[in-house]
Number of protein chains: 2
Amino acid sequence: MASVTTTIASIDTAELASRLRLGVTRLARKLRQQAEPGITPSLLSALSTIERVGPLTIGDLCAVEQVQPPTMTRLVASLVETGLVERSVDPDDRRVAWVRVTPSGARSLAQTRKRKEAYLAKRLRRLEPDRLAVLEEAAAILDELVEGES
Amino acid sequence: MASVTTTIASIDTAELASRLRLGVTRLARKLRQQAEPGITPSLLSALSTIERVGPLTIGDLCAVEQVQPPTMTRLVASLVETGLVERSVDPDDRRVAWVRVTPSGARSLAQTRKRKEAYLAKRLRRLEPDRLAVLEEAAAILDELVEGES
DNA sequence: CATTATAGTTCGCAAAGCTAATTAGTGTCA
DNA sequence: TGACACTAATTAGCTTTGCGAACTATAATG
C-alpha cells in the first residue's frame, strides 16, 4: 500500500480542465501515431467495444463510442469488409442491425492487443509505483467523466 | 489536505495501458466535439502553446505539439491568416520562421478560454475533491509521459 | 566551390468526423 | 385501412487533421 497525499483546498477546475485537455489531446495524438498498419485507433476502439459489450446495435455503438451514426456506419462497414465483425438484421425490427465480433476479429484483437498498448506500457513501466497508482485511479475517473450523460 | 490510498502491489501496466488508452481516446473525442465554430482543437492547442512557450520556431512547435512539419505549416498558416499569430523570418538563419501570438490572438485566447474548457470543467465540478486531486496529479504525469523522448 | 545537412513548404492521399438528405421499416389513429 | 409521423441506418458531400515524398531555400563543411 502507498499513500498519495495532495492539497485539495485550492483546486481550480478551470485550470485543471485546461491542463487535462492539453495532456489528453497530446497523448491521444501520440497514441494515434502508434496505430498498426491496417487497423486504425477508431476501428480498434469500435472493435474492442463490440467485443466487450457483446452483440449490440449500431445505435448502441454510437452511444458508447460517442460518435454520430454516419461515422459508425462507415467504421462497421470497414470492420465487416475485413471480416472482423459480423452484421445481422434484427428479425423483429428490420431497421435494426446487430453487430458482433467474429472469431477472426477476436483473434485479431487478442493478437494485436499487446502490441497496440506497447507504446504506452513501455512508458508506464518507467513510472514510479505511486504514479502508476494515480493513473490507475485516473483511468476510472476519465471513464466516468465521459459516461455520465451525453 | 486529503489522503488518497491505493493498492500498488499488483498494477499491471499492460492492463492499465489498455484502459488508459480507451479513456484518453474517448475523452479526446468528446473534447473535439466541443470545439467552438471557427477555432478547432488543433488550432487551439497550437495557439495556446505558442502563447505559453513564447516566440518559438515551427520545428519547436512540432516537437511540443507532437506533429509532423507539414501539419504544423498548415496550422500556423491558418492562424496567421486569421491574424491570431505572427510569423517572422530569423535574420541570422533565413530558413527559420519564428512564431508569436498577436494581441488579437492573446485576446481571443483569453476570451474563449473559459468557454473552451466549460465542458470539461462542468464535469470536473461534479467530482469529489479526492478525485479532482487524482486528476490533478494525472495531468502532470500525462505530460511527462509524452514529453519524455519521442 | 561542391556537397551535405537543415527548416519549412507543397502536393497528394487517407482517415475520421460532421450535417443534411434519403431509404426502409414501425407505429399510430382517425 | 391508409395517411402521417417516427426511428434506424445509410448515402452524399464537406472539412479538418494527419501523414510521407518530393521540393525549395538557406547554411555549413570539407
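By convention in this document, chain letters (A, B, ...) are assigned in the order of the sequence lines, proteins followed by strands, and residues within each chain are numbered from 1.
Donor-acceptor pairing under 3.5 Å, judged by distance alone, is absent between the side chain of A/R95 and the base of C/dT26.
Within the nucleic acid shown, A/T73 comes within 4.0 Å of at least one base atom, counting heavy atoms only. As judged by a 4.0 angstrom heavy-atom cut-off over every strand, B/T71 is placed among the base-contacting residues.
DNA chain C is contacted by B/R87 of residues 82-93 of chain B, taking any non-hydrogen atom closer than 4.0 Å.
Contacts of A/T73 classified as side-chain contact (heavy atoms from CB on, under 4.5 Å), with partners at least two apart in sequence or in another chain: none. In terms of the salt bridge (Lys or Arg N to Asp or Glu O under 4.0 Å) criterion, residue partners of A/D93 (sequence neighbours excluded) are, by chain and number, A/R95. Remark: A/R131 pairs with B/E144 by the salt bridge (Lys or Arg N to Asp or Glu O under 4.0 Å) rule, at least two apart or across chains.
Between B/V53 and B/D60 there is no side-chain heavy-atom pair separated by less than 4.5 Å. Residues B/Q68 and B/C62 have side chains not in contact (no heavy-atom distance under 4.5 Å, counting atoms from C-beta outward).
With a cut-off of 3.5 Å on both pairing distances, the Watson-Crick and G-U wobble pairs of DNA chain D assemble into stems of 3 or more at C:1-30 with D:1-30.
Nucleotides of DNA chain C nearest to A/L43 and A/P70 differ in position, and the one nearer the 5' end is that of A/L43.
In this structure, CE in B/M72 is found 7.5 Å from CD1 in B/I58, a value given to the nearest 0.5 Å.
For residues 76-88 of chain A, there are no side-chain hydrogen bond (donor to acceptor under 3.5 Å, both in side chains) pairs, not counting sequence neighbours.
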